[in-house]
Amino acid sequence: MAERLDEARRHTLKLVEPLSEEQLNRVYDPILSPLIWDLGHIANFEELWLVQRIGGRAPLRGDLGELYDAIEQPRKIRGELPILTADEVRPYMDGVRERTLEVLDGIDLEPEDPLLADGFVYEMLLAHEYQHNETMLQLLQMVEEYEPVEVDRAPASEPVAEGPKMVRAEGGPHEIGAPAVGFAYDNERPRHRVDLEPFWIDRTPVSNADYMTYLEETGAEPPMYWERDGEGGWVRTAMGRSEAVDPQLPVIHVSWDEADAFARWAGKRLPTELEWEAAAQGASRERANLDQFSFGPAPAGAYADAASECGAVQMLGDVWEWTSSDFTAYPDFRVFPYPEYSEVFFGDEHRVLRGGAWAARRDAIRISFRNWDLPIRRQIFAGIRCAKDDV
Ligand code: AVJ
Ligand code: FE
């Protein structure tokens, strides 16, 4: 566990290594925290759960808890808070980690306490850091001339397999959600059976080529980061670099509203999250474009050797996929271990996204994982996969 905590931290620090203090502190967008807030928050969350809660120790600085409370401090004011500065945050991260490892040394990972059983709270801490790495990457898209310290070029050159536009998924009973053992968030439980009608689902995520056709025919707004190239085509600018939009890649950085409009234009609809999960059975996160260092999606149709049971490819990795479902509780849901992770977001305001993107850490992703965001949001690494009824 100490090794995994260390790996997560080295990864976080790799992401911010190329940045100046000014870039760490800068508010690039009111809906995204400055990177310096994420760093302090990651360490503060660790201190709260692993040092205070599990270790029973007092915090290093008692006032930090409130500053880094994500519910108390909405993203748009995080740039104005008296949070730790670039030279203070590293010693704080290191100080917390030292105490975390002391506490870890003295505990038993499988006692009666549900927080410790199977190392739950440690898995939760890792997952938290992984998820903040993705929010950090959302912001890094806006950083001029960001030079990653590590790049994985393999996903971009994965071969593309031809195949049908859509594949059919069986109806009938399907098991949905995470099994009772192993790490998962409360919102993925309990595992339960649903009955689905048979349906069709796109074999691959929607490509930029298809999205450009849609834009031409409808005059809809382009995805975030796209601009006209002046000659009827599109360029995309991220991390300070501009490139012609590659027609082969899956479209990314579209909102739910845009995904839904595209699906209807195509004569289809978005899948429900239950349909999505049924169609993803058999997909493997090991053969998927995940873990951040590819810095972009693989072409639509890649990883065909790792298709799901119904024949869909890239269900995991590349782009998050919007579903038609609101983020709500499964039947017999129980909060664990705190309501602010999932429960306070349940309702009809947020839509569920599934499958993870290139910008998600591999170990944060599984078939049952549910992400959510507001239907207008485009800063997430979200794309589209359409479905339709079997008629
Ligand atoms: C699950 C991605 C919606 O970033 O708001 C991070 C994850 N929760 N810290 C978010 C999360 C607490 C969450 N999402
Ligand atoms: Fe958080």
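Atoms considered below: every heavy atom in the structure, side chains included; atoms not considered: hydrogens, waters and symmetry mates. Atoms within a ligand are numbered from 1 in the order they appear, just like the ligands themselves.
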| field | ring-ring contact (aromatic ring centres under 6.0 Å, His included) evaluation trace for W234 with Y211 | value | CA-CA 11 Å; W234 297 97; Y211 208 76; 9.4 Å; no

| request: Walk me through it: do D152 and S294 pass the test side chain to side chain donor-acceptor pair (under 3.5 Å)? | output: CA-CA 5 Å; D152 176 10; S294 62; over 6 Å; no

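- Side chain of H174 to backbone of V194: no donor-acceptor contact under 3.5 angstrom is found.
- Using a 3.5 Å distance cut-off with no hydrogens or angles, the side chains of Q23 and Y146 do not pair a donor with an acceptor.
- Judged by distance alone, with hydrogens and angles left aside, the side-chain atoms of E129 form no donor-acceptor pair with the main-chain N or O of L125 at under 3.5 Å.
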Show the distances, to 0.1 Å, for all pairs joining an N/O atom of ligand 1 and a protein N/O atom that are shorter than 3.5 Å, listing one pair per line.
from: ligand 1; atom 1: 9 (N); to: H128; atom 2: NE2; distance (Å): 3.1
from: ligand 1; atom 1: 9 (N); to: H132; atom 2: NE2; distance (Å): 3.2

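- Counting all heavy atoms, side chain and backbone alike, R26 lies closest to P34 at O-CB, 3.6 Å.
- In the model, S368 has a side-chain atom that pairs as donor or acceptor with a side-chain atom of E188 under 3.5 Å.
- Between the side chains of Q292 and H11, at least one donor-acceptor pair of N or O atoms lies under 3.5 Å.
- Between W49 and the options I54, N44, V121, T100, a side-chain contact (heavy atoms from CB on, under 4.5 Å) holds for only V121.
- Residue-and-atom listing of protein N/O/S atoms under 2.8 Å from the Fe ion (ligand 2), sorted by chain and number: H41 NE2, H128 NE2, H132 NE2.
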